[in-house]
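As the structure is a prediction and not an experimental result, all values here were calculated from the model.
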Amino acid sequence: MDMKSVERKWQAKWEKTKLNVFNKKNMDNKLYVLEMFSYPSGANLHVGHWYNYGPTDSYARFKKMQGFEVFQPMGFDAFGLPAENYAIKTGIHPKDSTEKNIATMEQQLKHMGAMFDWTAEIKTCEENYYKWTQWLFLQLYKKGLAYRKEALVNWCPSCETVLANEQVINGECERCGSVVLRKDMTQWFFKITDYAEELLDGLDRLEWPEKTKLMQKNWIGKSTGCEINFECETGDTITVFTTRPDTVFGVNYVVLAPEHPLVEKFKESHPENAAAIDAYVQYAAEANDIDRLSTAREKTGVFTGSYATHPLTGKKLPIYLADYVLYSYGTGAVMAVAAHDERDYAFAKKYGLPVTQVIQKAGGETVLPFCEDGILVNSGSFDGLSGDEARNAIAVHLTKIGKGGKKVNYRLRDWSVSRQRYWGAPIPMIHCPKCGVVPVPEKELPVKLPYDVEFRSTGKSPLASNESFMKCTCPECGGKASRDPDTLDTFVCSTWYYLRYLDPKNDKQAFSKELANKMAPVDVYVGGPEHACMHLLYARFITKALRDMHYLDFDEPFKRLVHQGIILGPDGNRMSKSKGNVVSPDKYVDEYGSDIFRLYLMFGFSYTEGGPWNDDGIKSISKFTDRIERLVQASLKYTAPANANTEKKSAEKELDFAKNHAIKNITRDMEYFSFNTSLARMMEYVNALQKYDADVAEKNVAFYKGCIDDLIRMLAPFAPHFSEELWEMTGHKNSVFEERYPLVDEKALVRDETEYAVQINSKIKAKLMIPEGLSDEDIQATVCAYPEIAEQLQGKTVKKCIIVKGRLVNLIVG
RNA sequence: GCCGAAGUGGUGGAAUUGGCAGACGCGUCGGACUCAAAAUCCGAUGGUAGCGAUACCGUGUGGGUUCAAGUCCCACCUUCGGCACCA
C-alpha cells in the first residue's frame, strides 16, 4: 500500500467531514483528552513530540470508538527564552522565528494524522491569548494573590543581564564566562503558598501516578514544628523555625542566611567585622541553592560579632552567617544544635564551637551527632521527656512566655513570575510616581508587546528601552507614569490554556464559565514527568484561585494524569544538538509513513518508561501491516455458497477465542496506556487469522469476514489511515471511526479445561489440564491421581495443598 | 547533596500486582519455495551439563521474609528525571 497517498487521502476526507471536530451536541458524553502543548523551539517536530502525541491519539481514537465524544485540541506554548536567545544570536525577531516554527510544526502535526480539533487551536503569543493571561494576572492582583518583593536573580555583571539557571554554567555566564552573582531585584510573585495546604490535601483525590503525587508532596514540603524567638543585642529579634524544639536547650549558636536583612545591622554594631561579613556575603552570592544545600559541601561561615540571648536559659549565643541556611526557606535563620544535627555538628567542629548534648539514646550509647528522637537531658524541667511529648511541652511553654510557639512551615515558596525579558506577556501594571503601583484597567487590555525592541542586554529589561511602550498615563491620577518593563514567566501562560481551548475565540472573556464547568476538568492529561512539580502544580494553584474568584466550580485541572517516558538518543543520553544524538522522526515518516512510525513508537517501547532510541523493529512493523493487507485482500475473494453451514466448528471456535482474547486484553491495556501489550495481542490475533486462513480449506466465510471486519475495527485506533483504507477496501461506506470498538463475548472465552502448573515442594513437576469448576478437594484429587505426580508422591504424605485457581497447585510433602 | 524513578535473554520489552520468568517482536540458526536472490512461509532459540528423558543455575549486588519473590523488607552499586529563570 502506498502509505503516503493513503495518508493524504484520509487526512483530506477527515477534514472535509469534520471527523475530528468536537460536536458540542454530544457534550454530555464528552471526554477531554489533552496532550501537553508544544514549545516551538526547533523548526521541527521532535521524536519526543511524536511519542507524546501519536500513542495518546490512539488512546483518544480508541475512546471515540467506545462511544465518547472526544475533545483533543492542540496548540503552542509560544513565548519563552530560547526564541529570544536565538534572536540575540541571529538577529531574527522572536515573533518571526516563532511564527515560522509554528507553521512548520502545524504541517507536521497535521501529517501525523492525529484527530486534533484544529478549530480550537491556540498560540500563547497571540494578542487574543495573552490578553487573557494579563487578565488573569489582574484578577490575582485584585484577589491579593500577586504582590511585589525582593528576590535573588542570577546576574552577569559584565553582560549586565539576568540569566536563567540554564545560562549559568558552573557558576559562570554561558556567554562571557564572568562569575555570576546572585542579586536582589524587585519582582512580582504569586502567592501559591496560600494554597499550600489545599494543594497538598487535593493530591489524594487525583488519579495521578503515585510517584508524581509524592514528588509534589515533597515539593510542598509541609513540616510541623515550632518558631522560637532569640533577642539580639541590637534590640532585634531573630525568629527561627525548627522541627526539633526538643533540642532547644542544646542551642550553641544562631545562624542567619547571608542574605538576611539583619546582616546590615550587625555590620553597623560591629564595624570591625564588616569587611569579613561583606566578603562572606559575596562568596555566598556566587553559589546556587543546590550547592549550598549539599551535605557534601564544605561548611563555611563567618561570625558577626553579635550575640543573641537564649529564650529559655538566657545564655549568650554567637550569631553566625552561613550559606547552608537559605533565606528562602523558613525564616532564613536557624538555631544550631551541634550535638543533634549533622550540618550544625560539622560547622561547630570546624569553628571550634561548643557541643552540648541534650538528647540521650533510649537504651544505648549516644554517638554525636545524634539526630534521632531520644530522652531529654540537660533540659531543665523537661528532662526525661522524649519525642513528640517533649516537642509539645516545649512549644506550649514557649507560647506561654511569648517567645515562640507551634508553627507549620512549607518548603514551597511563592512563585516568582517577573522576567526581565522581551518574549513574554507584558505585566499589565503601571508605576505612577504619585499613586504607586496601579493595575492597567481591564478594558485597556491587552498591553501589547511592541515589535521594535532592543532585546540585547542593556542592564535593564528589553521593554524598558522602548519609550513608546513605557510611557503611559496613570489610570488613577491621569499623570505621567510608566509601564512595568517585565514580562510574565511562560509557566503563567500554561496554567490556564486547558480552559482557553474550550472557548478559543471568546473576545468577551477568558473562557465561558458554563462551558468550562461542563467540559473541564481535563479527563486525561498526558505529558512528560519533568513537569511533575512546576507546571502541574502551578496549573492546580491557578485553578483553585479561579474557583475562589468564582470563575469555575471545580478545583483541579487534570483529573487523570499519564506521563510518557523520555526517548533518549541512541547513545542513552538525552537528545541534544550539542551531543549530536538527535533523531528526527521525519526520515522514518517519509520512508514508512506516519501509521507505521506511530505503531513502532507504541510497540517498541514501554510507554511510561521510554528509553534509548533504536529502530531495529520498525521494519517488522511494516511487515506486520503488509501481512494484514494480504489477509484482507485474500478475504475479499472468498464467497459463501448459498446453503453455507454457519455452525462454528473447532477451528472457528479457536479463532473466535483468539479474537475475544485480544479484544478483552486490548480493552484493558489501552486504559493503562499499555500500547506495546495491546499490539502484542493484536499480533496474536493476526497470527490466528493467518493460521485459519492457511489451514482451513472449507471456511465459514461469513464468520471469517466478520473476523476480518473486527480486525480492522480493532486496528483502527493504532493505524488510522491504513485502517480507513482497509475498511473502504472491504466495501464499507462509512468511516471506521464511526464504528464501535468490538466488545468482548465472554462466552467465547469459556474453556472446558485450564492448564495448571503442578509443584511439589514449590518446584514445578508437571503441567496438566484440569476441568473447570472443580472444588479444591477435587482439584487435589485429580492432580494426585495423575500418574506422573502419583509416582513422585509414593511413600510420602501430602501435608498441605496450595491451590491458586486457574494457575497452580503446590503440594507440600514430607 | 536532596526528592522521585528504573535495572529482566544477544536485543526492545512482557509477567493478570506474591503464583508456570522471558508474552509479542527483533536478531541468530535450521528448513521450505526459487536457477539464484529478495519477499513469503514453517521450526528452533535464557545459560551450563547430557545422545536423551532430565538436572542444576538464572530478573544489578549482598542479606532477609514466605509453601512460593522480578514483585515485599534491609543494605549497597549503576543509570535516568526534577531541584523553583529551559519548557
Side-chain angles (χ1 to χ4, degrees), chain A residues 36-39 41 77 79-82 85 151 153-154 162-168 187 192 209-212 214-219 221 288-297 328 411-421 489-491 494 528-535 537-538 563 565-566 568 572-574 600 603-606 608-612 614-621 623-624 626-627 630 665 668-669 674 676-684 687 690 694 755-759 761-764 766-767 799-804 806-812:
Chain A
M36 288 179 184
F37 59 175
S38 38
Y39 177 73
S41 66
D77 189 13
F79 278 136
L81 182 66
N85 284 341
V153 294
N154 300 313
V162 176
L163 298 177
N165 287 339
E166 189 187 53
Q167 298 174 292
V168 182
Q187 320 241 28
I192 190 173
E210 287 305 319
K211 60 164 190 169
T212 311
L214 189 56
M215 273 191 269
Q216 281 209 358
K217 187 181 164 199
N218 291 336
W219 185 268
N288 63 34
D289 288 2
I290 294 175
D291 290 339
R292 282 174 57 171
L293 280 177
S294 166
T295 49
R297 182 177 164 94
S328 56
R411 207 183 69 99
L412 182 70
R413 314 206 286 255
D414 276 340
W415 174 15
S416 151
V417 295
S418 295
R419 296 292 180 267
Q420 293 70 45
R421 302 191 197 291
D489 179 6
T490 54
F491 274 127
S494 56
E530 66 272 21
H531 292 291
C533 292
M534 302 179 72
H535 162 61
L537 195 65
Y538 295 150
H563 292 308
I566 296 169
L568 305 168
N573 291 307
R574 217 190 161 115
Y600 177 62
F603 185 64
F605 302 85
S606 168
T608 54
E609 298 296 320
N614 78 83
D615 56 12
D616 285 351
I618 195 159
K619 269 208 181 83
S620 71
I621 293 291
K623 284 184 195 168
F624 171 62
D626 285 350
R627 214 155 68 223
R630 280 198 300 276
N665 284 285
R668 189 198 59 207
D669 290 356
S674 182
N676 52 353
T677 55
S678 295
L679 282 168
R681 301 293 86 81
M682 190 77 74
M683 288 172 180
E684 284 168 351
N687 290 342
Q690 212 165 7
E755 189 186 68
Y756 277 70
V758 180
Q759 302 178 326
N761 288 340
S762 307
K763 292 222 164 190
I764 301 218
K767 292 181 183 182
K799 286 189 194 155
K800 200 172 163 191
C801 175
I802 295 150
I803 295 172
V804 183
R807 306 204 139 261
L808 124 170
V809 178
N810 188 4
L811 300 164
I812 309 302

Given [options], identify the nucleotide with an atom nearest to the side chain of [X].
X	options	answer
Asn165(A)	G1(B), C86(B), A87(B)	C86(B)
Lys763(A)	C24(B), C56(B), A87(B)	C56(B)
Ser620(A)	A14(B), C26(B), G19(B)	C26(B)
Arg421(A)	C85(B), C67(B), G19(B)	C85(B)

Using the test salt bridge (Lys or Arg N to Asp or Glu O under 4.0 Å), find all partners of Arg421(A) that sit at least two apart in sequence or belong to another chain.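 In terms of salt bridge (Lys or Arg N to Asp or Glu O under 4.0 Å), with neighbours along the sequence ignored, Arg421(A) is linked to no residue.
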
Could you tell me which residues satisfy salt bridge (Lys or Arg N to Asp or Glu O under 4.0 Å) with Arg411(A), sequence neighbours excluded, listed by chain and number?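 Per chain and number, Arg411(A) pairs via salt bridge (Lys or Arg N to Asp or Glu O under 4.0 Å) with no residue.
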
For [X], which residues count as a side-chain contact (heavy atoms from CB on, under 4.5 Å) partner, sequence neighbours excluded?
X	value
Asn218(A)	Leu214(A)
Gln187(A)	Ala151(A), Val153(A), Met185(A), Phe189(A), Ser416(A), Ser418(A), Gln420(A)
Lys763(A)	Lys765(A)
Asp616(A)	Asn614(A)

Checking all strands, does [X] fall into the base, sugar-phosphate, or nothing category for heavy-atom contacts under 4.0 angstrom?
X	value
Arg411(A)	base
Glu684(A)	sugar-phosphate
Ile290(A)	base
Gln187(A)	base

Whole Å only: how far is the [atom1] atom of [X] from the [atom2] atom of [N]?
X	N	atom1	atom2	answer
Ile621(A)	G27(B)	CD1	P	12 Å
Met534(A)	C83(B)	CE	P	6 Å
Trp415(A)	A84(B)	CH2	C1'	11 Å
Lys767(A)	C20(B)	NZ	P	10 Å
Ile812(A)	U66(B)	CD1	P	14 Å

Between protein and nucleotides 70-73 of chain B, what N or O pairs are separated by less than 3.5 Å?
none

Looking at the base of [N], is there any donor atom on it, or on the side chain of [X], that sits under 3.5 Å from an acceptor on the other one?
X	N	value
Gln759(A)	C20(B)	no
Lys800(A)	C67(B)	no
Arg681(A)	C24(B)	no
Asn810(A)	C67(B)	yes

Closer than 3.5 angstrom, by distance alone: can the side chain of [X] be matched with the main-chain N or O of [Y] as a donor-acceptor pair?
X	Y	answer
Asn810(A)	Ile802(A)	no
Tyr756(A)	Lys767(A)	no
Asn676(A)	Phe603(A)	no

Can you find a side chain N or O atom of [X] that sits less than 4.0 Å from OP1 or OP2 on [N]?
X	N	value
Arg297(A)	G1(B)	no
Asn687(A)	C24(B)	no
Thr490(A)	A87(B)	yes
Arg574(A)	G82(B)	yes

Roughly how far apart, to the nearest Å, are [N] and [M] at atom [atom1]?
N	M	atom1	value
U48(B)	C83(B)	C1'	48 Å
C86(B)	C73(B)	P	36 Å
A69(B)	G58(B)	P	11 Å
G47(B)	U34(B)	P	34 Å
C85(B)	G13(B)	P	34 Å
G7(B)	G25(B)	P	23 Å
C33(B)	C42(B)	C1'	11 Å
C77(B)	G22(B)	C1'	25 Å

By nearest heavy atom, map Phe37(A) and Ile764(A) onto RNA chain B; which one lands nearer the 5' end?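 Its nucleotide being nearer the 5' end, the pick is Ile764(A).
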
5′-ward residue of the pair Tyr756(A)/Leu163(A) relative to RNA chain B: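 Whichever sits nearer the 5' end wins; that is Tyr756(A).
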
Using the purine O4'-C1'-N9-C4 or pyrimidine O4'-C1'-N1-C2 torsion, is G9(B) syn (within 90° of 0) or anti?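 Syn.
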
Going by a 90° cut-off around 0, is U61(B) syn or anti?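 Anti, which is what one calls it when the glycosidic angle falls more than 90° from 0.
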
For residues Leu568(A) and Asn573(A), determine if any side-chain heavy atom of one lies less than 4.5 Å from a side-chain heavy atom of the other.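 Result no, sub-4.5 Å side-chain heavy-atom pair not found.
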
Report the relative orientation of the aromatic rings in His535(A) and Phe491(A); use parallel for angles under 30°, tilted for 30 to 60°, perpendicular for over 60°.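 Aromatic pair His535(A)/Phe491(A) classed parallel.
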
Tabulate atom names and distances for all N/O pairs under 3.5 angstrom spanning the protein and nucleotides 40-45 of chain B.
unit_1, atom_1, unit_2, atom_2, d
U40(B), O3', Arg630(A), NH2, 3.4
C41(B), OP1, Gln690(A), NE2, 3.1

So if I define the base as every atom that isn't primed, P, OP1 or OP2, how would nucleotides 3-12 of chain B read as a B/S/- string at a heavy-atom cutoff under 4.0 Å? SSSS-----B

Would you sketch RNA chain B in dot-bracket for me? Only Watson-Crick or G-U wobble pairs with both distances under 3.5 Å count, crossing pairs as [ ], other-strand pairs as |, the rest as dots. (((((((..(((......[....)))((((((.......))))))((((....))))..(((((..]....))))))))))))....

Please report the closest heavy-atom contact between Ile192(A) and Trp415(A), naming both atoms and the distance.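 Result for this residue pair: CG2-N, 3.9 Å.
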
Restricting to side chain to side chain donor-acceptor pair (under 3.5 Å), what partner residues turn up for Thr677(A), sequence neighbours left out?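 Partners of Thr677(A) by the side chain to side chain donor-acceptor pair (under 3.5 Å) criterion, ordered by chain and then number, come out as Asp669(A), Ser674(A).
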
Suppose we screen for side chain to side chain donor-acceptor pair (under 3.5 Å). Which residues come up paired with Gln690(A), at least two apart in sequence or across chains?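 By the side chain to side chain donor-acceptor pair (under 3.5 Å) rule, Gln690(A) matches Arg627(A).
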
